[in-house]
Amino acid sequence: MEPVIFEERADQIHRKGSAPFQIACNKESLAGAVSQRACVFCGSRVVLYPIADALHLVHGPIGCAAYTWDIRGALSSGPELHRLSFSTDLQEKDVIFGGEEKLYRALVELIDRHHPEAAFVYSTCIVGIIGDDLAGVCKKVSEEKGIPVIPVQSEGFKGNKRAGYNAACQAMFQLVGTGSTEGISPYSVNILGDFNLAGEIWIIQDYFRRIGIEVVANITGDGRVADIRRAHGAALNVVQCSGATMDLAKMMQERYGTPFVRVSYFGVEDMAESLYEVARFFKAPEIMSRTQNLVREELAVLYPQLQQYRRALRGKKAAIYVGGAFKAFSLIKAFRLLEMQVVLVGSQTGTTEDYRELAEICDDGTIIVDDTNPLELSSFLQEQEVDIFVGGVKERPIAYKLGVGFCDHNHERKEPLEGFVGMLNFAKEVYTSVMSPVWRFLPRHQQALVQGAAPVAEGSKS
Amino acid sequence: MLLRHTTAEIIERTALTVNPAKTCQPIGAMYAALGIHRCLPHSHGSQGCCAYHRSTLTRHYKEPVMAGTSSFTEGASVFGGQANLVQAIHNMFTIYEPDVIAVHTTCLSETIGDDIPQIIAKARDEGKIPPGKYVIHANTPSYVGSHVTGFANMVKAMVDYFATTEGRKEHRLNLIPGYVEPADMEELKRIVGELGIATIMFPDTSNVLNTPQTGRYAMYPPGGVKVADLQRLGTSVGTVALGRLASGSAARALDTKCKVPCEILDLPIGLKATDRFIDTLRQIAGVSVPDSLNLDRGRLLDVITDMHQYFFGRKVALAGDPDQLISLTEFLVDIDMWPIYIVTGTPGKKFESRIRELTKEVPYPVKVQAGGDMFLLHQWIKQEPVDLLIGNTYMKYISRDEDIPMVRFGFPILDRLGHVYFPTVGYRGGLRLLEQILDALLDRQDRDAPEESFELVM
């Protein structure tokens with residue numbers, strides 16, 4: 001099958017080793033392309049909604065609230081207000097006469113009923129067009145109710161998901177610095193860019209606890225408003241994920257002088273390095289030695305268990321297509337630990353710098369893509385004879401139709417993939433899918449069966 | 001308690017929807033468009049809309065769902081989306097090679113006032129639409145109606161764009177299946193096949209969103225109604241439309257445009273609604289009901305007989321779409337259950353009066369709300385619990401909090417697999433519903449039974 005590529009997209013694809021590195025990215029998607037990307041609102045919503053004791057009100061027609069109702073399983077150890085779906089459900093008359101009054105009534109009613117610690121009000125495409133004064137309404141309600149009511153400028157058309165991350169960070173930044181920093185340890189951090197899917201932030205919090213570091217605020221997985229308000233009291237921001245919360249870290253550095261480090265909790269190398277980096281920052285020998293002990297203990301448990309998967313998966317081929325490029329780095333390293341080969345890597349929102357770094361750590365022949373689409377993806381998957389594809393919800397059935405294994409490393413992961421235990425879970429998930437007997441029943445393998453080239457499944461046609 | 005925030009006391013809400021029992025028009029239009037063979041749906045709006053619809057459809061059907069988007073930016077929102085749409089049409093025909101592009105609007109493009117027919121005309125004038133290819137459109141503002149409205153609008157667009165009066169009348173019926181699942185559409189085709197009636201069914205998502213594993217990825221699966229058939233709609237002798245809300249407007253448009261008389265019926269869910277469906281087909285086509293369908297009917301009746309002792313007086317709460325809920329309520333009343341709370345997010349007063357009429361013999365106060373939401377339903381349940389919930393996946397929050405068994409039915413189902421392959425329409429669909437309902441009730445009875453009254457035979 002010939003790779004299917006839009007002419008206009010040719011410069012968004014790079015084959016390592018074929019030419020000097022060059023890739024175009026951060027472009028607006030081609031109109032008509034079946035892009036896997038989402039919008040500004042989506043970016044803001046996924047970042048903010050894990051703050052569990054805040055009210056999240058979507059000001060717009062029903063769809064925006066319906067599709068993001070409990071969208072990605074961000075878990076909370078306490079309040080669950082974030083898992084409800086609140087919408088002003090704008091109707092035609094609101095579009096004509098404006099929705100401010102309705103928004104005001106909705107906010108007042110919700111705040112009176114649920115007594116949230118703060119409220120986030122999301123703007124949608126239509127609100128941007130009809131020109132409701134979101135900030136004005138929020139200010140008024142905030143004064144009346146005595147809690148922060150924060151507008152999120154997330155009109156869908158104002159860019160891609162990245163712009164949504166920025167709007168979310170702007171919104172959270174209004175909270176930061178409004179709480180007391182009394183009693184915060186000098187050895188303290190905020191966890192940024194973890195959304196507590198499958199309880200992952202609890203694993204990371206536990207590591208920090210074990211090395212003697214206080215976590216002030218989770219931003220935003222299992223997040224609390226009061227914690228974010230005092231986040232400026234932490235000594236360090238530990239930022240995961242390429243885009244989501246980086247802007248907040250930068251704003252906090254500028255205003256409060258809080259330094260930040262970029263980390264990744266995926267894969268053994270990156271997880272260990274993340275902890276070491278934090279330990280190095282604090283320049284306290286006891287923290288460093290506790291970190292060394294923690295890594296040693298965890299690895300002693302992990303490596304023996306990993307062996308069986310590594311043996312089985314050695315030499316298999318993997319393809320990666322994720323939202324942010326940062327995650328791709330960790331995944332490449334994780335696959336390398338399993339002695340697997342990464343033949344395709346791409347992201348929805350990577351920057352030139354991201355892709356250059358990716359190209360550096362990839363093997364020759366690896367395909368690097370920005371903002372791809374299903375046709376391209378499927379042709380690459382076939383061309384490269386991939387065994388496992390790591391992607392998100394829209395990619396899973398494409399992989400399955402091609403008879404390729406799949407691992408959701410996005411909203412739909414149900415086992416924690418972060419931390420040392422996450423590496424084991426990841427290996428297990430990859431193994432489960434790659435080694436499934438179901439692929440033996442695929443037509444092309446059935447042919448191989450006839451020739452006696454593959455093991456015969458119990459009860460399968462021969 | 002996920003929904004610990006729900007209060008039992010009912011508060012009058014005027015500005016707010018909490019935990020919706022509907023979603024917006026475009027997704028229904030996208031689903032309908034997938035029921036045309038080699039059609040690429042196109043969302044004329046921001047990228048997010050398209051991504052959400054594709055994700056939700058993918059999560060429900062576990063199938064690849066393809067659709068293009070105009071990828072609106074700030075510029076397009078100020079100056080209009082014409083340039084984006086013309087370019088999108090060109091790009092899609094060039095690279096994805098669909099036979100049809102079905103454009104639906106969004107709240108954004110509706111509000112800025114994009115004139116889609118004019119844009120399509122411009123694309124045609126500029127030679128962006130290859131010969132023998134088509135671009136159709138439906139207006140689907142998200143702030144009017146619900147996903148069901150969007151579905152209805154796109155089905156009507158199929159009539160508006162393709163149906164003609166050219167050609168001789170042929171002894172054939174048009175069948176509009178309603179906003180039902182691919183397996184339902186397949187079952188409807190089987191039923192008309194058993195009756196020996198030639199039909200054109202539109203839309204038809206069977207073998208589009210329930211395709212087999214072939215080891216190949218096909219951008220356009222084999223299913224879907226063909227354009228050539230849509231062009232012959234006007235020459236059929238009659239139309240049978242299932243579900244007033246989802247199919248009524250297309251059926252009436254076809255009547256007006258091509259003088260094809262229509263019968264608009266309830267969705268054939270349950271015994272009586274299926275009887276009416278088959279009887280109508282029989283009369284219009286002048287055929288007799290074959291033994292095979294009588295056998296199916298007899299079996300359904302037999303199972304209702306076997307099960308009737310378990311159903312009496314069991315209270316049920318339902319949430320979903322109006323066409324489905326009307327037939328389901330009738331079916332539940334017929335098997336002696338008491339559907340006492342019925343909520344749809346889709347607005348419409350007729351729905352409430354129809355439900356009242358269907359439940360007038362239920363010896364218990366019945367609450368019904370169109371334009372309601374799951375929060376309201378939950379409040380009703382908190383005031384007076386029920387024995388069973390029937391609804392989409394979002395109902396599982398209530399099911400868990402109130403510890404009430406639940407049957408998944410409707411759209412979307414995001415947490416179970418396989419449902420796409422089993423119809424709930426027709427006599428056979430009725431059997432499946434009965435099995436699911438009784439399983440839910442008896443599984444609960446087994447779970448809760450003290451050891452001394454835990455029974456082998458039930």
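Quick note: numbers below take in every heavy atom, side chains included, and nothing from hydrogens, waters or symmetry partners. Chain letters run A, B, ... following the sequence lines, proteins first, then strands; residues in each count from 1.
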*Identify the heavy atoms of B/Arg54 and A/Pro374 that sit nearest to each other, and give their distance.*
NH2-CG, 3.8 Å
_Option in B/Met374, B/Met219, B/Glu63 with maximal non-hydrogen atom pairs under 4.5 Å from chain A_ = B/Glu63
_With rounding to the nearest 0.5 angstrom, report the OG1 to CD distance, B/Thr17 to A/Gln91._
7.5 Å
*A/Tyr67 and B/Thr23: side chain donor to acceptor below 3.5 Å*: yes
_I'd like to know which of B/Val144, B/Thr73, B/Ile89 tops the heavy-atom pair count under 4.5 Å against chain A._
B/Thr73
_Between A/Val95 and B/Glu110, is there a side-chain heavy-atom distance shorter than 4.5 Å?_
no
*Decide yes or no for B/Lys62 and A/Pro397: does some side-chain heavy atom of the first lie under 4.5 Å from some side-chain heavy atom of the second?*
no
*With a 4.5 angstrom heavy-atom cut-off, which part of B/Pro20 approaches chain A: side chain, backbone, both or neither?*
both
*In terms of heavy-atom proximity below 4.5 Å to chain B, should A/Leu103 be classed as side chain, backbone, both, or neither?*
neither
*Straight-line distance of B/Tyr397 OH to A/Glu80 CD, nearest 0.5 Å*: 9.5 Å
*Examine whether an atom of A/Leu107 lies under 4.5 Å from a heavy atom of chain B, and if so say whether it belongs to the side chain, the backbone or both; otherwise answer neither.*
neither
*Assess whether side-chain contact (heavy atoms from CB on, under 4.5 Å) is satisfied between B/Arg13 and A/Leu110, documenting all intermediate values.*
CA-CA 10 Å; B/Arg13 282 178 287 139; A/Leu110 284 169; over 6 Å; no
*Go through A/Cys39, A/Ser87, A/Pro79, A/Ala66 and name the one with the most non-hydrogen pairs under 4.5 angstrom from chain B.*
A/Ser87
*Does any heavy atom of chain A fall under 4.5 Å from the side chain of B/Tyr61, the backbone, both, or neither of them?*
neither
_Within 6.0 angstrom of B/Phe79 CZ, more than 12 heavy atoms from elsewhere_ = no
*Would you give the length of the straight line joining atom OH of B/Tyr217 to atom OG of A/Ser379, rounded to the nearest 0.5 angstrom?*
10.5 Å
*Please look at A/Leu402 and chain B and tell me whether the side chain, the backbone, both or neither of the residue comes under 4.5 angstrom of a heavy atom of that chain.*
both
*Which residues in residues 411-420 of chain B have a heavy atom less than 4.5 Å from any heavy atom of chain A?*
none
*Identify which of A/Glu109, A/Lys93, A/Glu101 forms the greatest number of heavy-atom pairs closer than 4.5 Å to chain B.*
A/Glu109
*State the CD-CD distance between A/Gln348 and B/Gln47, to the nearest 0.5 angstrom.*
9.0 Å
_Proximal component of A/Val393, with respect to chain B [non-hydrogen, under 4.5 Å]_ = both
*Tell me the salt bridge (Lys or Arg N to Asp or Glu O under 4.0 Å) pairs involving residues 80-92 of chain B, sequence neighbours left out?*
none
*So, A/Asp89 side chain and B/Leu16 main chain: donor-acceptor pair closer than 3.5 Å or not?*
no
*With distance as the sole test, does B/Gln213 use its side chain to make a donor-acceptor pair with the main-chain N or O of A/Tyr400 at under 3.5 Å?*
yes
*Sequence neighbours left out, what passes side chain to side chain donor-acceptor pair (under 3.5 Å) with B/Lys122? Give chain and number order.*
B/Glu126
*Can you say whether A/Arg396 sits under 4.5 Å from chain B via the side chain, the backbone, both, or neither, judging by heavy atoms?*
neither
*Atom NE2 of A/His114 and atom OG1 of B/Thr7: how far apart are they, to the nearest 0.5 Å?*
7.5 Å
*Which region of A/Glu412, side chain (C-beta onward) or backbone (N, CA, C, O), has a non-hydrogen atom less than 4.5 Å from a non-hydrogen atom of chain B, or is it both or neither?*
side chain
*Segment of B/Thr56 engaging chain A (4.5 angstrom heavy-atom cut-off)*: side chain
*Can A/Asp94 and B/Tyr143 be said to form a side-chain contact (heavy atoms from CB on, under 4.5 Å), step by step?*
CA-CA 9 Å; A/Asp94 305 316; B/Tyr143 44 76; over 6 Å; no
_chain A-proximal positions within residues 24-31 of chain B [heavy-atom distance under 4.5 Å]_ = B/Cys24, B/Ile27
*Of the backbone (N, CA, C, O) and the side chain (C-beta and beyond), which part of A/Thr124 lies under 4.5 Å from a heavy atom of chain B, both, or neither?*
neither
*asked:* At a heavy-atom distance under 4.5 Å, which candidate from A/Gly63, A/Ser85, A/Gly156 has the highest pair count against chain B?
replied: A/Ser85
*asked:* Once rounded to the nearest 0.5 Å, what's the spacing between atom CZ of B/Phe72 and atom SG of A/Cys125?
replied: 9.0 Å
_Per-residue contact mode, B/Ser146 against chain A (heavy atom under 4.5 angstrom)_ = neither
*Find the one option among B/Asp373, B/Asn84, B/Thr111 whose heavy-atom pairs under 4.5 Å with chain A are most numerous.*
B/Thr111
*Determine the option with the most heavy-atom pairs under 4.5 angstrom with chain A, choosing from B/Ala76, B/Ser77, B/Ser43.*
B/Ser77
_Ignoring hydrogens, what is the shortest heavy-atom contact between A/Val34 and B/Tyr96? Give both atom names and the distance._
N-OH, 3.0 Å
